[in-house]
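What you see below is based on every heavy atom in this structure, not just the backbone, and it leaves out hydrogens, waters and symmetry mates. Read the numbers this way: they start at 1 and go in the same order the structure lists the ligands and their atoms. Residues: numbered from 1 along the sequence shown.
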Amino acid sequence: MTGDVLAIRGGRPLRGRVDVKGAKNLATKAMVAALLGEDTSVLRDVPNLSDVAVVRSLLEVHGVRVTEGEEAGTLRLDPSDVESAHMEEIDAHAGASRIPILFCGPLLHRLGQAFIPDLGGCRIGDRPIDFHLDALRKFGATVEKLPSGIRLSTPGGRLHGANIHLPYPSVGATEQVLLTAVRAEGTTELRNAAIEPEIMDLIALLQKMGAIISYEPNRVILIEGVEKLRGYDHRSIFDRNEAASWASAALATDGEIFVGGAKQQEMLTFLNVFRKAGGWFDIQEDGILFRRAGEIQPVVVETDVHPGFMTDWQQPLVVALTQANGRSVVHETVYENRMGFTQALVKMGADIVVHPHGLQDGPRRVARRELEQAAVITGPTPLHGADIVVPDLRGGYSHVIAALTATGESKVSGVDILSRGYENFLAKLDALGADFDVIG
Ligand SMILES: CC(=O)N[C@H]1[C@@H](OP(=O)(O)OP(=O)(O)OC[C@H]2O[C@@H](n3ccc(=O)[nH]c3=O)[C@H](O)[C@@H]2O)O[C@H](CO)[C@@H](O)[C@@H]1O
Ligand SMILES: C=C(OP(=O)(O)O)C(=O)O
């Protein structure tokens, strides 16, 4: 029994407390940043997630000594013996996470070359890495495609600063530029940068290491390269995506969930939509309490880069919207294939029509992108149990929440994927009173 297949009996509201730790989307990158320092870095509030394990292992095969600190969730990362890893050791990490692409800059600075395995992460679109590779070439790196993965090197010696304009404010490409520019020779100007809170936290951490980074108006980031960086001591920003997931679970199941560690600032946009959808919340010193205010109300949501409504928030919210009193629309503008999870909800009785090329339905806050899709959700529709297979991290979470909202029993397979983004997921479900058995 691994916890990969669950039998879930729905109809019981989720009630209780869950605590969120450091963000998957910061902790993994902070671990990579440790490669840039001369001495040991200490990262606090590291969540126990499979992506963290993948990054830890990839650091270890490159000679970084990773040990647990005394405080739970603390990692000490000692990069004093960084060395090239064997191809087989690197390939063993292929397809497991997207984070290995961020090893490029730090390894080029440390070793003059980098082998990067094929990437993993959620299959929610093509997820190309062209912005990353274009930026790395501008820093002076050469990139060679291998049968599996890529090899980078620095024929001109030290990487140099560059002027980079991202075609889209990509989170990963912005991090790539930051992690490369901090030790490049000269200044880097990055335009159309992503400004997600996790990126701001990465900038803060790099500043602790000795980097000089200024964040200018209009998505411009200036980085003055330095020769050496030291280790950091940093507590990760909380996981706002996990917090938003539990909030939507409270709304969908008509429960009440206190999310310990959640903070208001980073969730302002989510909280506005949550309130408009009929949610109620109370911001407290150590977390946020979520429940319904009354009936769930339909909303129109457009996913977007920060400070917009994050794409990773829409899937659990869609489950709640199946119980709304009317028609909601979710425009997915960030990835080109992020509505697949709705098929399982339709199988469970939801009325969701996906428009794979988006909807031209009047004025929009977010400029239309070619790749967008839209889901029209008409509620309220009672959901009933079904056999469903988890497609990806957030889609999978929404399936579990749908099963908990439904009447009858569901069999949900592939739940292991949730360990990419939800620490102790089954224990948390249990603590909230969910009625389920692990059957595989
Ligand atoms: C580990 C991590 O932090 N993952 C987050 C990160 O993913 P990730 O960093 O992969 O997402 P990006 O912001 O890079 O991707 C946004 C869009 O840009 C496109 N693109 C990106 C890079 C590139 O070289 N070429 C290109 O075309 C992507 O296909 C996508 O359509 O930000 C996403 C958007 O907030 C979140 O959903 C993910 O949870
Ligand atoms: C898309 C996600 O993550 P990743 O980029 O790690 O696949 C996510 O967290 O929803």
Review point. Among Ala27, Ala135, Pro128, Pro169, which residue places a heavy atom closest to atom 22 (C) of ligand 1?
Key: Pro128
Review point. Looking at ligand 1, does Thr174 have a heavy atom less than 4.0 Å from it?
Key: no
Revision key, fill the gap. Candidates Asp130, Val171, Leu119; heavy atom nearest atom 6 (C) of ligand 1 found on Val171
Check your understanding: Between Arg127 and ligand 1, is there a nitrogen or oxygen pair with a distance under 3.5 Å?
Key -> yes
Review point. Taking Tyr232 for the side chain and Ala30 for the main chain, is one N or O donor matched with an acceptor at less than 3.5 Å?
Key: yes
Review point. Do Thr311 and Tyr335 have a side chain donor and acceptor closer than 3.5 Å?
Key: no
Revision key, fill the gap. Near ligand 2 (heavy atom, under 4.0 angstrom), the protein residues are Lys24, Arg98, Gly121, Cys122, Ile124, Arg127, Asp312, Arg338, Leu393, Arg394, Arg420
Review point. Regarding Glu189 and Thr187, is there a side-chain donor-to-acceptor distance under 3.5 Å anywhere?
Key: no
Practice item. Assess Lys29 for proximity to ligand 1: is some non-hydrogen atom of it under 4.0 Å away? Key: yes
Exercise for review: Closest by any non-hydrogen atom to atom 21 (C) of ligand 1: pick that one out of Ala23, Ser170, Gly125.
Suggested key: Ser170
**Study point:** Pairing residues for Asn241 by the side chain to side chain donor-acceptor pair (under 3.5 Å) criterion, not counting sequence neighbours
**Key:** Asp312, Trp313
Study note, to complete from the structure: Among Tyr335, Trp313, Phe131, the residue with a heavy atom nearest to atom 33 (C) of ligand 1 is Tyr335
